[in-house]
Asks: 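Questions regarding the structure given below will be posed in turn.
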Amino acid sequence: MKDVQKELVAISKTLSSLVHQMERMAEAIEKERGKAVPARKVKAPARKAKAPAKKAKALARKAKAPAKKAAVKSKTKASAAPGGQTMLDNIFGMISRSRNGITVERLKKRAALEARQVSNALYKLTQKGKIETLKRGVYIKKKK
């Protein structure tokens, strides 16, 4: 049990140092762009684990949290289309340009999105009244 706790503490320290390195790299990139980034405070790495296994697991989860946030941030930035368009604008544009409708599969390929993202976007666009279903899996721009 102590070996597992030691490994969790080591992982926690490694992850916190990686987060610190990523923040320094982000600051350097922003300085090159000419924008100043406010420095974030990083929590001190976990100390020696004298707690039971439950607390060691909790420490490991907390250490993993910053890494997950960084991954989520990069994912959301990648989903935004170039030129300041949102994902909805991008999908609506593809549907508008299609004469005979466009399939969900084609939308997934062209937008480079996952099935759930395309499904959510199509739902939102139908709720707004911008698109309609031609037949199952095929969408067209709603005629006014």
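Heavy atoms only: backbone and side chains are in, while hydrogens, waters and symmetry mates are out.
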Asks: Test: side chain to side chain donor-acceptor pair (under 3.5 Å). Region: residues 96-111. Which pairs qualify, not counting sequence neighbours?
Replies: E105-K108
Asks: Starting at CD of E23, measure out to CD of E30 and round the result to the nearest 0.5 Å.
Replies: 12.5 Å
Asks: My understanding is that a hydrophobic cluster links ILVMFWY residues whose side chain heavy atoms are under 4.5 Å apart, including indirect links. Using that, what else belongs to the cluster containing I29?
Replies: none
Asks: Distance from L88 atom CG to N120 atom CG, nearest 0.5 Å?
Replies: 9.5 Å
Asks: Which other residues belong to the hydrophobic cluster containing L134, where Ile, Leu, Val, Met, Phe, Trp and Tyr are joined when side-chain heavy atoms lie under 4.5 Å apart, directly or via other members?
Replies: V138, I140
Asks: I would like to know whether M87 and L113 meet side-chain contact (heavy atoms from CB on, under 4.5 Å); could you show each step before the answer?
Replies: CA-CA 9 Å; M87 182 177 24; L113 298 171; 3.3 Å; yes
Asks: side-chain contact (heavy atoms from CB on, under 4.5 Å) for I131 and K142? Distances and angles first, verdict last.
Replies: CA-CA 5 Å; I131 63 171; K142 194 165 191 174; 5.7 Å; no
Asks: Might you work through the side-chain contact (heavy atoms from CB on, under 4.5 Å) test for Y139 and V104, ending with a clear yes or no?
Replies: CA-CA 8 Å; Y139 295 88; V104 176; 3.7 Å; yes
Asks: Minimum heavy-atom separation for F92 to K141, with atom names?
Replies: CZ-CE, 4.0 Å
Asks: Measure the spacing between NZ of K13 and CG of L8 and express it to the nearest 0.5 Å.
Replies: 12.5 Å
Asks: Once you round to the nearest 0.5 Å, how far does CD of E27 lie from NZ of K31?
Replies: 6.0 Å
Asks: Look at the side chain of S119 and the backbone N and O of A115, then say whether any donor-acceptor pair between them is shorter than 3.5 Å.
Replies: no
Asks: Measure across M94 and L107 and return the closest heavy-atom pair with its distance rounded to 0.1 Å.
Replies: CB-CD2, 3.9 Å
Asks: Working to the nearest 0.5 angstrom, can you tell me the gap between K124 NZ and T86 OG1?
Replies: 9.0 Å
Asks: Please round to the nearest 0.5 Å and tell me the distance separating atom CG of L125 and atom CD of E132.
Replies: 12.5 Å
